Amino acid sequence: MERRDFWREVVALSGSVTPFILKRVAVFGLYGALVWWVATYTHVRTGLGVAPYEIIGAILALVLVLRTNSGYDRWYEGRKLWGGIVNQSRNLGVVGIAYGPDDAAWRNRFLRWTAVFPHLARHTLRGETDFSDIDDLMTPEEIEQLERADHAPLYCSLQVAQMLQSARKSEAMDGFAFMRADDQRAQLIDHIGACERILATPLAKVMSIKVRHFIFLYLAMLPLAIVDKSGMLTPFLTMLVAFPLLSLDQIGIELENPFSVRRLSHLPLGDIGDKIQRNVMALEHADDGSSEEDAAD
Amino acid sequence: MERRDFWREVVALSGSVTPFILKRVAVFGLYGALVWWVATYTHVRTGLGVAPYEIIGAILALVLVLRTNSGYDRWYEGRKLWGGIVNQSRNLGVVGIAYGPDDAAWRNRFLRWTAVFPHLARHTLRGETDFSDIDDLMTPEEIEQLERADHAPLYCSLQVAQMLQSARKSEAMDGFAFMRADDQRAQLIDHIGACERILATPLAKVMSIKVRHFIFLYLAMLPLAIVDKSGMLTPFLTMLVAFPLLSLDQIGIELENPFSVRRLSHLPLGDIGDKIQRNVMALEHADDGSSEEDAAD
Amino acid sequence: MERRDFWREVVALSGSVTPFILKRVAVFGLYGALVWWVATYTHVRTGLGVAPYEIIGAILALVLVLRTNSGYDRWYEGRKLWGGIVNQSRNLGVVGIAYGPDDAAWRNRFLRWTAVFPHLARHTLRGETDFSDIDDLMTPEEIEQLERADHAPLYCSLQVAQMLQSARKSEAMDGFAFMRADDQRAQLIDHIGACERILATPLAKVMSIKVRHFIFLYLAMLPLAIVDKSGMLTPFLTMLVAFPLLSLDQIGIELENPFSVRRLSHLPLGDIGDKIQRNVMALEHADDGSSEEDAAD
Amino acid sequence: MERRDFWREVVALSGSVTPFILKRVAVFGLYGALVWWVATYTHVRTGLGVAPYEIIGAILALVLVLRTNSGYDRWYEGRKLWGGIVNQSRNLGVVGIAYGPDDAAWRNRFLRWTAVFPHLARHTLRGETDFSDIDDLMTPEEIEQLERADHAPLYCSLQVAQMLQSARKSEAMDGFAFMRADDQRAQLIDHIGACERILATPLAKVMSIKVRHFIFLYLAMLPLAIVDKSGMLTPFLTMLVAFPLLSLDQIGIELENPFSVRRLSHLPLGDIGDKIQRNVMALEHADDGSSEEDAAD
Amino acid sequence: MERRDFWREVVALSGSVTPFILKRVAVFGLYGALVWWVATYTHVRTGLGVAPYEIIGAILALVLVLRTNSGYDRWYEGRKLWGGIVNQSRNLGVVGIAYGPDDAAWRNRFLRWTAVFPHLARHTLRGETDFSDIDDLMTPEEIEQLERADHAPLYCSLQVAQMLQSARKSEAMDGFAFMRADDQRAQLIDHIGACERILATPLAKVMSIKVRHFIFLYLAMLPLAIVDKSGMLTPFLTMLVAFPLLSLDQIGIELENPFSVRRLSHLPLGDIGDKIQRNVMALEHADDGSSEEDAAD
């Protein structure tokens with residue numbers, strides 16, 4: 001996260017919503033030109049001053065910022081949830097290695113099911129059905145079971161729970177440690193559920209529709225209000241006002257679904273999943289050698 | 001959640017509050033016309049400038065946005081709570097299947113009572129008394145008991161608790177697993193209780209009444225302030241200002257009760273309940289076969 | 001929570017702060033008339049324009065909305081805490097019935113002490129000393145003990161804790177269930193403590209005093225600034241501006257103590273307590289008959 | 001918390017920041033007078049209109065309110081944390097009395113160490129080194145140990161933990177009850193730690209400095225912008241604008257450290273501590289007599 | 001946290017973003033001068049009034065404040081997380097000393113691994129690879145292991161977990177106490193994970209880019225709008241408006257990464273780590289002597 005260069009960002013288009021709204025801005029510009037042309041050739045004056053626009057403008061500004069902010073909150077909540085997936089996966093790994101049965105096969109299997117959870121969560125959130133990116137973690141049989149599952153992350157969670165139960169039943173895992181592990185497992189279900197909630201719940205339609213009604217109404221009236229004074233500059237000024245309004249509206253929409261790769265500034269779920277996999281699988285061998293002996297001194 | 005088309009939403013009426021407020025906007029338009037007519041035929045000038053309106057306008061805008069925002073927060077809190085119901089139901093199912101007694105009848109019964117909770121919660125929040133939508137989950141006797149219960153979700157929670165207790169007493173369930181299960185069960189009670197709180201607590205009346213006093217006062221004064229300058233356009237401008245004010249007020253009211261099917265943008269409680277039922281009941285057979293044997297290797 | 005009628009609320013006075021502030025608004029109106037009278041008969045012009053008022057007006061609007069918002073947050077936090085009291089009471093009841101000793105006397109006593117907690121909390125928050133409203137739950141001896149207690153809800157909590165301890169000691173209650181019950185009991189102490197905090201902590205005085213200084217200063221300067229242009233309308237305009245400012249200030253104060261019956265829009269603690277009592281006491285017999293036998297199949 | 005009298009607060013100075021900022025307001029008034037004097041005798045006109053000030057004014061207002069709000073949040077968070085100290089102390093007391101060993105000496109000692117925690121927390125937050133106010137709770141030897149401790153509340157927490165451990169080891173306390181008690185103990189450490197964080201973390205310097213830069217710049221330019229029109233009133237208007245700006249800035253600073261007795265509206269930590277001590281120590285004898293026998297019926 | 005001197009902060013540059021933005025402000029000043037020069041020598045009038053700027057200005061102000069606020073929230077969240085690291089480290093220390101094995105070597109080792117965690121967290125967040133600052137806590141062998149670890153704080157957490165497990169296995173630590181300790185250990189992983197999230201997630205690019213587009217557009221149009229009226233003062237006024245806009249933008253960026261020493265107002269992670277180390281290591285000997293005996297009376 002470098003201190004980003006001001007001048008470079010000023011001209012940057014990549015990652016900006018500008019390309020998405022150019023056409024809309026142009027439409028309002030053309031409309032402004034039409035208003036000016038009609039006003040000029042008919043010599044009709046609208047007599048509309050800008051005064052009554054102020055209250056509408058203030059409300060529009062507030063509502064629009066609210067809308068963008070709500071999109072941003074959703075985006076950031078999604079990011080926090082994936083931060084939670086990182087934390088709970090790590091903790092599940094630590095608990096499995098430190099408190100689990102002293103059985104290499106169990107440990108390897110436990111870490112693999114822990115590390116695969118974020119990948120499955122990503123699949124679910126992005127509607128991806130290709131499981132080939134987890135073939136370094138799962139056996140073909142396990143992948144087949146996952147493909148058949150009603151809800152892959154839930155199936156994964158059940159696997160983890162059953163491994164904990166088998167360890168508990170064979171007394172290879174202490175009850176207290178078992179409880180700590182299941183607490184972490186359950187939190188993973190909470191995180192994926194919350195992500196699905198974000199995915200399924202855009203801004204209340206009653207509100208998002210009204211925001212666009214307001215924007216349209218405001219921009220449709222604007223040239224009528226300014227054409228008397230601004231003349232030839234009417235289309236230009238209309239576009240100047242339309243640009244930030246339409247940008248903010250679009251930003252709110254881009255941020256509303258933080259998981260889809262088709263949205264700008266979507267979250268790097270793939271990178272996060274790879275990081276978790278690396279951290280968790282590294283625990284398998286972090287345990288070798290000296291430390292436990294020291295502890296047992 | 002597709003990137004929604006700007007131009008289609010601009011003209012959309014379905015899901016919009018516009019039909020609800022058209023009459024009110026028209027009333028203020030007629031009033032504006034009356035003011036203009038009186039001013040024209042009596043040649044009286046009000047002498048009221050717009051200046052003192054600015055502070056009132058600013059306060060009105062802020063209060064109104066606050067009110068809409070508070071309605072939205074309530075709506076989103078309701079959605080989060082139902083997200084929690086999804087999570088806790090899933091977890092309860094996983095815990096029951098993975099850690100519960102190895103008894104198909106108990107498991108089936110446990111999953112059924114888990115899966116029925118969201119349906120009962122919906123009944124309570126919507127005041128629905130028709131239990132026929134749960135007859136695939138509950139036996140007629142169970143439905144009869146639910147109908148007699150003082151509070152159906154609470155009764156359901158008691159059933160789950162008693163099943164956990166019976167499993168615990170017969171030593172078929174580990175104490176630690178029992179505790180994890182009861183934790184999830186208790187959270188479901190928290191979620192339904194919080195939903196009932198939202199239902200029972202609209203915006204403080206002292207505030208919602210005042211918002212409408214302010215709107216009325218503002219719109220009643222507006223034509224007097226602008227008629228000197230705007231003349232014939234007075235009714236039109238009055239309606240232009242009335243539209244966003246009354247829209248926001250109405251949006252706040254629509255969002256205040258996110259559960260009722262009679263409100264716009266109400267939450268899809270039926271769909272969420274069906275999804276939970278599908279996820280939870282799928283756990284009954286997710287457990288078959290290979291996985292536990294692998295774990296026990 | 002019906003969709004409330006716009007026109008009825010516009011004229012409603014019941015539940016509104018208007019009666020409380022009428023005198024203050026009138027005082028500023030009289031002052032405005034005085035300024036106009038002096039200006040008219042002395043022909044002195046103040047020369048004060050409205051321009052420098054804008055920055056003060058903006059700050060005043062923001063601070064005032066902040067103040068109202070802070071009062072509202074307090075009110076809503078109080079409501080949430082009582083929602084928590086509902087949840088924890090219900091859970092405590094479920095846990096007591098499902099996991100407690102199989103002893104009718106213990107169960108009845110446990111539910112009664114659970115159901116009485118919200119009543120005692122209400123007494124404490126409202127400074128009520130009449131215990132006659134709980135004589136259907138408590139014996140005269142128990143009421144006498146409560147009257148002698150330093151802090152009645154804390155005493156009640158101790159009773160519940162001691163019943164849990166006696167059940168635990170006699171092995172009639174599982175340790176894990178005991179822990180779940182005590183968790184709910186402790187949360188009730190958290191809720192009543194948080195309510196007491198709200199009661200004891202109005203908005204920081206340094207802030208509430210300053211809000212009123214600002215309002216006064218603004219309204220005292222306003223007639224001087226507008227009298228040159230507005231003439232005879234000065235007192236009327238002053239009152240028009242004073243009304244929303246003083247309303248919001250008063251709303252903030254009404255909401256600050258959400259428990260007192262003397263405040264507008266206070267929370268219906270009595271109704272909530274009765275609902276809890278009904279829900280909790282209904283658990284005593286919800287348990288009869290078939291269900292447990294089924295579970296034990 | 002009485003409904004406070006509007007007119008009395010309007011003239012109140014006690015608890016107000018006004019005395020702190022009078023000198024600063026006067027300095028800007030003098031500067032305004034100077035600008036007016038120079039403008040009058042040199043007949044130079046600045047030609048600066050107020051227009052470009054609007055955007056700066058809007059930003060200044062928003063930033064200033066943000067700053068005050070951030071100070072207020074800090075103040076209220078401090079209050080919430082002390083509410084938590086009340087709750088956890090009470091719960092620790094209840095748990096100790098209800099579930100602890102049946103040993104009067106242990107109980108008295110446990111309640112004393114519980115009741116002394118808030119006093120020690122206050123000492124730490126206020127930098128007080130006089131332990132004489134706790135000599136009714138602690139023996140001289142205990143006070144001496146506290147004086148030697150690196151961090152007195154942490155030492156107190158360790159004492160509580162060791163008492164729990166000794167009760168646990170001698171089997172006089174159930175493991176589940178022990179766990180509940182330690183949970184409450186640990187939360188007290190969280191609360192005092194969070195208070196220390198508030199104490200150690202004023203508003204980010206990069207932000208608080210800039211707020212003051214903006215205020216200064218705005219007030220330094222103001223007389224230049226208004227002197228052409230306002231003439232002789234320039235110093236008066238400058239002070240009128242300076243007063244709310246400097247007030248809000250100062251309020252933010254007063255609220256930033258809610259613990260110090262040298263700040264206005266500081267929290268009544270002494271009263272809270274005394275209330276906790278009274279509540280907790282009252283538990284020692286709340287337990288006498290009838291109740292437990294009833295429970296054991 | 002002294003009440004800071006107003007006049008000293010007004011002129012302070014250290015800790016201010018002013019040096020970072022001077023060049024940008026100057027660029028806009030030069031551009032303003034160019035506009036004025038062209039306007040003067042060509043006698044062209046832009047005819048652009050300031051009116052249409054108001055809505056853009058309002059949106060810009062809101063968006064900019066939102067951006068700064070979001071940076072500040074991130075900064076404060078980072079501070080809160082480190083407050084949590086303080087709390088959990090202290091609690092882990094108390095639990096280890098009070099409930100851990102009565103074995104001086106184990107205790108010393110446990111406290112050392114607890115106290116080193118914040119240092120390792122700092123290394124990770126700042127990308128520091130020099131472990132020499134922890135050579136008073138760790139042996140050379142332990143440092144070597146840390147250097148080889150995939151993620152040092154996670155490795156540290158695993159060490160703590162393994163010590164807990166070894167204590168638990170040898171029955172030197174009660175299961176309930178073990179659970180309390182692991183709860184604190186797991187929270188440390190949550191805290192460091194949340195810090196890494198803050199580090200890895202600047203403001204959504206779609207938003208930060210657009211903020212800078214808006215600023216640039218606004219400042220590029222400003223001289224055109226004011227040059228007709230302000231003439232020679234155009235460059236000066238442009239810079240006056242550019243200064244707060246660019247300051248806020250830069251403040252948002254400085255606060256975005258609260259951990260890096262290269263940012264202004266970064267958090268004092270070193271001091272916090274040293275404080276934790278002092279508090280935790282002091283526990284080793286706080287335990288000596290009288291207290292436990294008293295407790296065992």
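Within every chain, numbering begins at 1; the chains are lettered A, B, ... in the order of the sequence lines, protein sequences first and strands thereafter. Side chains included, hydrogens not; waters and symmetry mates left out as well; all remaining heavy atoms used. Model, not experiment: these values are computed from the prediction.
- For B:L267, no part sits under 4.5 Å from any heavy atom of chain A, backbone or side chain.
- Remark: B:Y99 engages A:F178 in a ring pair (Phe, Tyr, Trp, His ring centres under 6.0 Å) (not counting sequence neighbours).
- With contacts defined as side-chain heavy-atom distances shorter than 4.5 Å, the pair A:R24/B:W7 qualifies.
- A:R185 has its side chain within reach of B:V95: a pair of non-hydrogen atoms, C-beta onward, lies under 4.5 Å apart.
- Between A:L62 and B:L64 there is no side-chain heavy-atom pair separated by less than 4.5 Å.
- Proximity to chain A (any heavy atom under 4.5 Å) is shown, for B:V94, by both the backbone and the side chain.
- In this structure, CD1 in A:I189 is found 9.5 Å from CD in B:Q184, a value given to the nearest 0.5 Å.
- Between A:F176 and B:F176, the ring planes lie perpendicular to each other; the angle is over 60°, past the 30° to 60° tilted range.
- B:S16 and A:K205 form no side-chain donor-acceptor contact under 3.5 Å, judged by distance and modelled atom types alone.
- The main-chain N or O of A:V206 is found under 3.5 Å from a side-chain atom of B:S265 such that the two form a donor-acceptor pair.
- With a threshold of 4.5 angstrom between heavy atoms, A:D183 approaches chain B through its backbone and through its side chain.
- No side-chain heavy atom of A:S70 sits less than 4.5 Å from a side-chain heavy atom of B:Y76.
- With a threshold of 4.5 angstrom between heavy atoms, A:I209 approaches chain B through its backbone and through its side chain.
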